[in-house]
Amino acid sequence: MRYFTEDHEWIDVDGAIGTVGITDYAQGQLGDIVFVDVPAEGRQLAKGDEAAVVESVKAASDVYTPVSGTVLEGNAALADQPDLVNSDADGEGWFFRITLSDESELEELMDEGAYEAFVAKL
């Protein structure tokens, strides 16, 4: 299942593993992505921590982790192809995978319908 934050991150959860990226709305607001710095494998993150940095021709922005856990891997493809975030924010443009340490944190996130309603108000 996919969950969303008000900071425009998404997390796809499969068991105790989550894949995190930014939404299509977020990449559209940033414009052309020119650099992405993803977290290192093994890094411990608490919900809300700055986990990654994305830079565009317009601005730099932090990406926050929607849940607590341990980073399994960063998306190495973004080092050479940061524009994957623009072309496929919901898929190949993911930022990192994390082992969830507290699955109850997902209950505080939005489902797709709630996120769409949230974005419609912006």
Side-chain angles (χ1 to χ4, degrees):
M1 177 155 182
R2 183 168 281 197
Y3 301 89
F4 299 86
T5 71
E6 289 186 357
D7 291 320
H8 308 288
E9 291 94 12
W10 56 260
I11 181 167
D12 271 339
V13 179
D14 184 9
I17 309 266
T19 302
V20 178
I22 63 171
T23 65
D24 190 57
Y25 175 85
Q27 71 79 22
Q29 295 297 303
L30 286 167
D32 293 335
I33 306 294
V34 295
F35 175 78
V36 178
D37 183 24
V38 297
E41 179 182 340
R43 181 172 164 199
Q44 297 290 315
L45 295 170
K47 181 178 178 174
D49 280 355
E50 294 175 4
V53 176
V54 60
E55 295 180 10
S56 71
V57 294
K58 292 182 182 178
S61 184
D62 292 320
V63 176
Y64 304 97
T65 184
V67 294
S68 302
T70 304
V71 175
L72 291 174
E73 68 176 311
N75 186 350
L78 296 180
D80 294 326
Q81 294 179 285
D83 59 332
L84 280 173
V85 178
N86 293 121
S87 63
D88 194 9
D90 295 323
E92 294 300 313
W94 59 274
F95 282 60
F96 61 96
R97 291 198 170 101
I98 188 169
T99 301
L100 285 64
S101 60
D102 184 357
E103 291 183 35
S104 70
E105 290 176 337
L106 296 169
E107 296 169 13
E108 301 168 25
L109 302 176
M110 294 179 276
D111 64 17
E112 188 170 359
Y115 178 73
E116 288 175 2
F118 171 74
V119 169
K121 294 177 186 174
L122 300 179

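Since the structure is predicted, the reported quantities are computational estimates derived from the model, not experimental observations.
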Q. Are Leu72 and Val38 co-members of a hydrophobic cluster defined by side-chain heavy atoms under 4.5 Å apart?
A.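 In one cluster: no.
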Q) In the hydrophobic cluster built from side-chain contacts under 4.5 Å, what are the other members alongside Tyr64? A)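 For Tyr64, no cluster forms, as it stays isolated from other hydrophobic side chains.
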**Q.** Of Val34, Leu30, Asp62, the residue whose pairing with Val54 passes side-chain contact (heavy atoms from CB on, under 4.5 Å)
**A.**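 So, applying the side-chain contact (heavy atoms from CB on, under 4.5 Å) to Val54 and each of Val34, Leu30, Asp62, only Leu30 qualifies.
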Say you draw a straight line from [atom1] of [X] to [atom2] of [Y]; how long is it, rounded to the nearest 0.5 Å?
{"X": "Thr19", "Y": "Ile98", "atom1": "OG1", "atom2": "CD1", "result": "10.5 Å"}
{"X": "Glu55", "Y": "Ser61", "atom1": "CD", "atom2": "OG", "result": "10.0 Å"}
{"X": "Ile11", "Y": "Tyr3", "atom1": "CD1", "atom2": "OH", "result": "9.0 Å"}

**Q.** Intermediate values then yes/no, side chain to side chain contact (heavy atoms under 4.5 Å, CB included), Phe4 and Val119
**A.** CA-CA 11 Å; Phe4 299 86; Val119 169; over 6 Å; no
If we ignore hydrogens and angles and just use 3.5 Å, is the side chain of [X] paired with the main-chain N or O of [Y] as donor and acceptor?
{"X": "Asp14", "Y": "Ile17", "answer": "no"}
{"X": "Trp10", "Y": "Ile22", "answer": "yes"}
{"X": "Asp102", "Y": "Val67", "answer": "no"}

Please, which pairs that meet salt bridge (Lys or Arg N to Asp or Glu O under 4.0 Å) have at least one residue in [range], sequence neighbours excluded?
{"range": "residues 36-52", "result": "Lys47-Glu108"}
{"range": "residues 88-101", "result": "Arg2-Asp90, Glu73-Arg97"}
{"range": "residues 24-34", "result": "none"}

Check whether any side-chain heavy atom of [X] lies under 4.5 Å from a side-chain heavy atom of [Y], and answer yes or no.
{"X": "Leu122", "Y": "Tyr25", "result": "yes"}
{"X": "Thr70", "Y": "Ser101", "result": "no"}
{"X": "Met110", "Y": "Phe118", "result": "yes"}
{"X": "Leu106", "Y": "Met1", "result": "no"}

Q) If you measure only the distance, is there a donor-acceptor pair under 3.5 Å linking the side chains of Asp7 and Thr5? A)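 Note: Asp7 and Thr5 side chains miss the donor-acceptor criterion.
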Please report, to 0.1 Å, the donor-acceptor pairs under 3.5 Å made by any side chain of residues 77-84, with sequence neighbours excluded.
none

Q.
Could you report the tightest heavy-atom contact between Val85 and Gly93, atom names first, then the distance?
A.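 Smallest interatomic distance, heavy atoms only, reads CG2-O, 3.8 Å.
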Q | Pairs involving residues 112-122, ordered by first then second residue, that meet side chain to side chain donor-acceptor pair (under 3.5 Å) (sequence neighbours left out) | A |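 The answer is His8-Tyr115, Thr23-Tyr115.
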